[in-house]
Amino acid sequence: MARIQTPARVRGTQDIFRDEERGFAHVLATFDRVRRLYGFERVETPVFEDTQVFARSIGETTDVVSKEMYSFPDKGGDSLTLRPEFTAGIARAYITNGWQQYAPVKVVTSGAVFRYERPQKGRYRQFHQIDAEVLGAPEPAADVELLTLADQLLAELGIEGVTLQLNTLGDAATRDAWRDALVAHFEAHRGELSEDSLTRLAKNPLRILDSKDPRDRPVADAAPGIDAYMSAEAGAFFESVQKGLDAAGVRWTRNERLVRGLDYYRHTAFEFVTNRLGAQGTVLAGGRYDGLVESLGGPATAGVGWAAGVERLAMLVDEPAAERPEVAVVVEDDRAHDAAVTALAKLRRAGVSAQLVATGSAKKRYDRALKLEPAETLVFAMDGDAAVSRGRVLRGDASRAAEVLA
């Protein structure tokens with residue numbers, strides 16, 4: 001009989017268990033606790049959307065749309081795409097469900113996202129993000145609140161050595177004037193640009209500033225900055241963000257070369273960066289996207305948000321301790337099994353974490369129970385025809401089991 005071949009894990013995916021899962025759970029639990037402090041509601045959106053949701057909002061010229069999306073026709077012939085990020089789907093939901101009535105809408109979400117790219121440390125083709133968004137709030141205060149939320153999250157995760165890099169992409173007038181200046185600059189250096197940047201020059205020249213190709217860096221670094229083209233309104237907006245961060249005690253540094261890779265960004269752009277992950281140092285990033293909802297056919301709506309990779313955050317946190325049961329319930333004599341199960345159920349229903357140890361020899365059962373490192377053990381044996389129990393407190397001053405089972 002031929003041997004059945006064991007299926008391999010798909011490249012760029014991961015199985016998350018034990019130490020890694022505890023790191024994941026710690027990040028998500030901390031995120032959920034901090035978002036409640038700021039009054040953000042949780043939202044769930046579909047894992048897949050109509051392809052046009054991402055193509056129209058993220059931008060046809062971006063690497064995400066042109067190279068990285070997992071798109072496929074369904075059985076009805078519609079083109080669907082696994083979400084490569086959360087913002088576009090949340091904006092679509094805002095329009096579809098008439099959430100304008102609740103504006104400003106402050107929401108968070110988390111889950112798997114999908115991008116076809118070269119797997120590397122902390123980067124997978126199916127990976128996980130946490131995401132925070134504010135829709136319907138045009139004021140700089142919304143940017144400040146989101147950045148303060150992010151700063152507190154990283155602090156409560158215990159992640160040190162992270163720098164908030166801040167920039168502005170201006171309003172429409174600023175961006176148009178700056179774009180014209182960038183086109184003129186890059187056109188004068190066409191022969192020095194990479195093939196990808198030549199393509200971007202025709203469609204989205206701002207993205208050349210963010211190029212990682214070493215051929216592009218000298219030209220990009222010499223490009224004109226945005227400040228010379230800033231409108232009075234855009235300048236005032238950016239100044240308000242800076243003052244708000246100072247008032248909230250959030251440290252930041254200006255990075256005039258910081259741009260976001262998606263077409264819908266305006267005004268504030270930011271990244272929290274660490275030097276602990278090598279070249280892939282961004283752990284949380286986002287910005288303002290006042291034109292996004294309109295690009296999907298909705299009303300003019302201000303928006304600002306950020307996302308962070310759970311894998312990268314989990315790599316930076318101290319490894320959480322393994323969960324230990326409060327009580328290990330040991331069946332010394334199999335005839336006392338039912339009594340042990342009854343006690344086990346009562347403990348759990350009372351909110352006491354407990355695990356049953358009922359297989360192997362009596363000695364192995366004791367050994368296995370102690371390896372669980374419980375706060376106490378509860379051993380069930382027989383006294384004649386009756387099941388009896390005896391408890392031993394290993395950590396703490398009182399027996400939770402005795403209190404519940406009394």
Side-chain angles (χ1 to χ4, degrees), residues 54-69 84-85 115 117-118 143 163-239 241-242 252-273 275 278-282 285-292 294-295 304:
F54 303 112
R56 287 164 56 186
S57 59
I58 297 175
E60 299 281 2
T61 65
T62 62
D63 287 346
V64 173
V65 173
S66 63
K67 300 178 181 179
E68 298 173 1
M69 292 203 315
E85 52 103 60
R115 295 187 188 183
E117 53 187 346
R118 183 171 64 86
D143 306 48
T163 301
L164 168 56
Q165 297 185 0
L166 187 70
N167 197 23
T168 178
L169 301 178
D171 52 17
T174 300
R175 193 179 178 100
D176 289 345
W178 187 35
R179 184 185 188 281
D180 290 343
L182 288 174
V183 169
H185 172 77
F186 292 132
E187 285 285 1
H189 296 85
R190 288 185 65 92
E192 303 164 49
L193 296 175
S194 66
E195 292 79 8
D196 283 345
S197 286
L198 288 173
T199 299
R200 292 168 182 156
L201 178 56
K203 297 180 179 179
N204 190 351
L206 269 66
R207 297 206 58 243
I208 301 176
L209 296 173
D210 200 31
S211 173
K212 303 300 186 292
D213 193 311
R215 292 173 292 177
D216 296 325
R217 289 318 315 159
V219 179
D221 291 341
I226 193 173
D227 288 356
Y229 308 92
M230 192 83 67
S231 70
E233 293 80 5
F237 189 101
F238 191 42
E239 184 178 359
V241 172
Q242 296 173 63
W252 57 275
T253 184
R254 177 76 187 277
N255 179 356
E256 296 182 14
R257 296 305 182 200
L258 174 62
V259 296
R260 306 298 300 133
L262 308 181
D263 286 354
Y264 50 61
Y265 283 102
R266 297 288 187 275
H267 287 296
T268 315
F270 55 86
E271 293 183 355
F272 286 81
V273 180
N275 57 9
Q280 302 297 327
T282 301
R288 180 164 282 277
Y289 49 84
D290 290 353
L292 173 58
E294 288 176 88
S295 74
V304 59

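Start at 1 with the first residue, then count along the sequence. The figures here come from the full heavy-atom set of this structure, side chains too, leaving out hydrogens, waters and symmetry mates.
- One finds the OG1 atom of T163 at 10.0 Å from the CZ atom of F272 (value rounded to the nearest 0.5 Å).
- The minimum heavy-atom distance linking M230 with G235 is given by the pair CG-N, 3.5 Å.
- Residue L193 holds its CG atom at 5.5 Å from CD1 of I208, rounded to the nearest 0.5 Å.
- Counting heavy atoms from C-beta on, the side chains of P218 and D221 never come closer than 4.5 Å.
- Under the 4.0 Å criterion applied to side-chain N and carboxylate O atoms, D210 and R200 are not assigned as salt-bridge partners.
- Side-chain contact check for F186 versus S197: every heavy-atom pair is 4.5 Å or farther apart.
- Between L198 and R190 the shortest side-chain heavy-atom distance falls below 4.5 Å.
- What you find for P205 and V183 is that their closest heavy atoms are CG-CG2, 3.7 Å.
- We find the CZ-CG distance between F238 and D171 to be 13.0 Å, quoted to the nearest 0.5 Å.
- Every residue meeting the side chain to side chain contact (heavy atoms under 4.5 Å, CB included) condition with D213, not counting sequence neighbours, appears here in chain and number order: S194, S211, R215, D216.
- Taking 4.5 Å as the limit, some side-chain heavy atom of D227 sits within range of a side-chain heavy atom of R254.
- Without hydrogens or angle criteria, S231 side chain to T174 main chain gives no donor-acceptor distance under 3.5 Å.
- With a 4.5 Å cut-off on side-chain heavy atoms, L169 and R266 do not count as touching.
- When atom types are taken as modelled, the side chain of R257 and the backbone of A223 share a donor-acceptor pair closer than 3.5 angstrom.
- Between the R175 side chain and the Y265 main chain, a donor and an acceptor come within less than 3.5 Å of each other.
- Side-chain contact between R115 and E85: present, with at least one pair of heavy atoms (C-beta onward) separated by less than 4.5 Å.
- Side-chain N or O atoms of R217 include one that pairs as donor or acceptor with a backbone N or O of L209 at under 3.5 Å.
- Checked against salt bridge (Lys or Arg N to Asp or Glu O under 4.0 Å), D180 has no partners two or more places apart in sequence or in another chain.
- Note that CG of L166 is 6.0 Å distant from CD of Q242, once rounded to the nearest 0.5 Å.
- Ring pair H189/H185 is tilted by interplanar angle, where 30° to 60° counts as tilted.
- Remark: F237 pairs with H267 by the ring pair (Phe, Tyr, Trp, His ring centres under 6.0 Å) rule, at least two apart or across chains.
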### Query
Between E271 and N255, does a side-chain contact (heavy atoms from CB on, under 4.5 Å) hold up when you go through it step by step?
CA-CA 9 Å; E271 293 183 355; N255 179 356; 5.9 Å; no

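- By the 4.5 Å heavy-atom criterion applied to side chains, W178 and L206 are counted as neighbours.
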